Amino acid sequence: MVKSLFSLISLAVMSSVLSAPSNAAAEDTYRHLLLAGGGLKVCSSFASDNCDDVDWIDKDTMRTDRYLNLSKKFRSRATAESVWPTYREETRKKVADALELIHDRLKEDIVPERVFLREFTRRATQKLYNSLSDAEWNRIIDIIELPVPDAAREVANLDENLNDESKVIFKRFVEMAQSVADNKQKPTIYFLTSASRNPYDAIDFYNSVFEQLGAEAHWLPLDSALVKAQREGRCDELAKVQQEERGTYERDRVHRERYQQQVAFCKDSDAAAEMIADADGLFFNGGDQNLTRSTFVKANNEPSDVLKTIIAAVQQKEVVVGGTSAGTAVMTSKPMISNGTTAQAIKEGALASDPPPFGCDLDTTCPPNVEPDSLTYHPLGGLSLFHYATLDTHFSERGRQGRLMRLAASSSTPLSIGIDENTAMEVNLESGAFNVIGERGAFFLEDAQGTESAVAGTFHYLVAGASGVISPYGLQTAEFAEGDDVVQTEPTTNFLTDRGFIDSMRILCGERQQVNLLNKDYRLIAQRGESSRVQSSGGECQIINGSIGIAWQPQEKL
């Protein structure tokens, strides 16, 4: 198996475009897109763990938690037969008993969500908690959630941010928006929450972040439920459509003001076009890229009129676009990844299918022949704003090299890019010029090859401070970063779900020519050859023209 993996690596390297990238830096500084890898950590009243100091948080005027109502009335509604499928009847009864037990134990009707979660995961109800799918848990929370006070908003405080790089990435997007804002004192940024199951929870967060950074910030209320309500003439029934389309319950009761704002937007057919015309920047949130795709791409895979308007505005340099996590993955015109782990991808392959709901094996809602960890993708891409490569996010931190390699090999995609957490790529769509900013790096994969149980390809890895030029066929030029900010995490060799590959790759910047890792039934081999270039930066090893292969080999005793 090791010999065959070496053969696959050799085949992938021979077929790749080995252009020996130079150190030429791109002269064009304009950037159309900012693609963040997710994991952006921002200090806010709702996320005090990201704050250096919390004395500024006022619990009386700021939203600091989600509150739940455990009174008998709300418990009964959350466990009513009408909201549970009949085949989950036994689970419904157990949930009813669990809610009563937790209420009796706390002896309070109103509790913070974090307290409720702590109680539900105690020994008496832990097994039940583990048996619930995401959809079932979210339904319970939705129905027992208290209305959000109109005056209580989540407030961000970037001055107290523990993580400087997250602030840098958001600030850079505001600067990009300013570059197309003509003579306006403040750029106008519209942000979307279309990737979220609940479109209202993140509104105050993005408003606060962008306003603190000097922008005029507004919510663009487009999402897949709203698009369906508009199409079917059901704007006044938006809450019902949200339940059908996104599995959210009673958002009209919990987020009254925002809900009415979205209903009004739904009834105004010109509102979206007017907002986009007013925007200098559009920012797409994280969550589920399929939800954003279905917001802007019709069922027949044709772009909506709104998406056509956005694409034209980007091409004409009238608006810049940014995204994080799912908001980045959805930008591609290449196959759009939507789910999966490295282990399952190497073993099972890639499936052109809708992604499975999280925990779908628990409530039997998985699509046919799809498991919770299956690698799924949309073959016709996402929003088609980024035409160079398939995009993946939360990349090194979740060991996603293997799943990206499998998708690239299965779909014959010449170039794929994975972006680490708290890191972003800025890209000029005309020249292909890019630069990496933030905390970590970006992984470029070229000409992946695959067999039934293995994948291989040529790769490059560049960290924040690096720059270069890409084409749809690969990395054309690159200039290494020369930073000294070391990643402050414990090294690991787990390359299936963690940073094991990137941590182990550091030895390639020394005298070693090869990395050989074992993890469960999987082997990873990476190496540098005669055409490779390497340079350390901040304790990480940057590499041009490395080769990598991952194989599933259960027959070997590891």
Side-chain angles (χ1 to χ4, degrees), residues 135 138 142 148 188-204 206-207 217-279 281-314 318-319 321 323 326-327 330-331 336 338 354-355 357 378 380-385:
N138 288 331
D142 281 357
V148 176
T188 302
I189 293 176
Y190 282 84
F191 57 87
L192 295 98
T193 57
S194 53
S196 297
R197 189 188 70 89
N198 177 358
Y200 308 120
D201 262 346
I203 295 173
D204 295 335
Y206 282 112
N207 257 330
H218 304 280
W219 176 43
L220 179 52
L222 273 174
D223 60 46
S224 59
L226 181 134
V227 169
K228 180 179 180 181
Q230 283 183 323
R231 184 175 66 245
E232 298 177 357
R234 300 171 62 193
C235 291
D236 285 323
E237 299 178 14
L238 180 58
K240 188 174 182 180
V241 179
Q242 289 172 337
Q243 181 177 325
E244 298 167 357
E245 182 75 6
R246 302 168 79 92
T248 55
Y249 289 73
E250 302 186 9
R251 299 301 87 189
D252 53 336
R253 175 183 62 81
V254 175
H255 295 272
R256 292 167 295 201
E257 182 181 334
R258 297 298 191 188
Y259 176 81
Q260 290 303 325
Q261 180 183 347
Q262 197 172 31
V263 169
F265 178 92
C266 183
K267 293 178 178 179
D268 186 348
S269 59
D270 297 324
E274 291 171 356
M275 289 182 176
I276 293 168
D278 183 48
L282 296 172
F283 193 87
F284 290 76
N285 75 319
D288 182 345
Q289 50 264 48
N290 244 41
L291 292 178
T292 293
R293 187 186 191 278
S294 59
T295 301
F296 293 93
V297 181
K298 299 177 184 178
N300 64 357
N301 291 309
E302 289 291 320
S304 67
D305 290 341
V306 173
L307 179 54
K308 291 177 183 177
T309 300
I310 293 172
I311 292 173
V314 171
E318 296 172 349
V319 66
V321 172
V330 77
M331 295 295 171
M336 185 192 79
S338 58
D354 288 335
H378 201 292
L380 298 181
L383 304 187
S384 297
L385 283 162

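Any value given below was found using the heavy atoms of this structure, including those in side chains, with hydrogens, waters and symmetry copies removed. Note that the coordinates shown come from a computational prediction; the quantities given were computed from them, not determined experimentally. Numbers for residues simply follow the sequence, beginning at 1.
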Only counting residues at least two apart or in another chain, list the ones meeting salt bridge (charged side-chain N to carboxylate O under 4.0 Å, His left out) with D252.
-> none
Those residues that, when tested against D354, pass salt bridge (charged side-chain N to carboxylate O under 4.0 Å, His left out) (two or more places apart) | none
Distance col, row I311:CD1 vs L383:CG, nearest 0.5 angstrom, shows 7.5 Å
Looking at every non-hydrogen atom in both residues, tell me the closest pair between [X] and [Y] and how far apart they are.
X	Y	answer
A217	N207	O-OD1, 3.2 Å
N198	D201	ND2-OD2, 3.4 Å
V319	A279	CG2-O, 3.9 Å
R253	R256	O-CG, 3.4 Å
Q289	V330	O-CG2, 3.6 Å
Y259	A239	OH-N, 2.9 Å

For E245, check side-chain hydrogen bond (donor to acceptor under 3.5 Å, both in side chains) against everything at least two apart and list the hits.
-> none
Polar side-chain atom of N285 near backbone of A195 as donor-acceptor pair, under 3.5 Å | yes
Short side-chain to backbone donor-acceptor contact, R251 and D142, under 3.5 Å | yes
Note, [X] side chain near [Y] side chain (heavy atom, < 4.5 Å):
X	Y	value
R293	L380	yes
N290	M336	yes
D288	R197	no
V241	R231	no

Sequence neighbours excluded, every pair satisfying disulfide (SG to SG under 2.5 Å) that has a member inside residues 230-264 | C235-C266
N/O donor to acceptor pairs below 3.5 angstrom from side-chain atoms of residues 218-229, sequence neighbours left out:
residue : atom : partner : partner atom : Å
W219    : NE1  : T193    : OG1          : 3.1
D223    : OD1  : A225    : N            : 3.0
D223    : OD1  : L226    : N            : 2.8
D223    : OD2  : Q262    : NE2          : 2.8
S224    : OG   : R246    : NH1          : 2.6
K228    : NZ   : E244    : OE1          : 3.4

Begin with the C-alpha distance, continue with both residues' side-chain angles, and end with the deciding distance and a verdict on side-chain contact (heavy atoms from CB on, under 4.5 Å) for K267 and L238.
-> CA-CA 11 Å; K267 293 178 178 179; L238 180 58; over 6 Å; no
Pairs in or reaching into residues 281-309: which pass ring-ring contact (aromatic ring centres under 6.0 Å, His included), with residues at least two apart or in two chains?
-> F170-F283, F173-F283, Y206-F283, F210-F283, F284-F296
Side-chain ion pair, E237 and K240, N-O less than 4.0 Å | no
Test side-chain contact (heavy atoms from CB on, under 4.5 Å) applied to L282 and I310, step by step | CA-CA 9 Å; L282 296 172; I310 293 172; 3.9 Å; yes
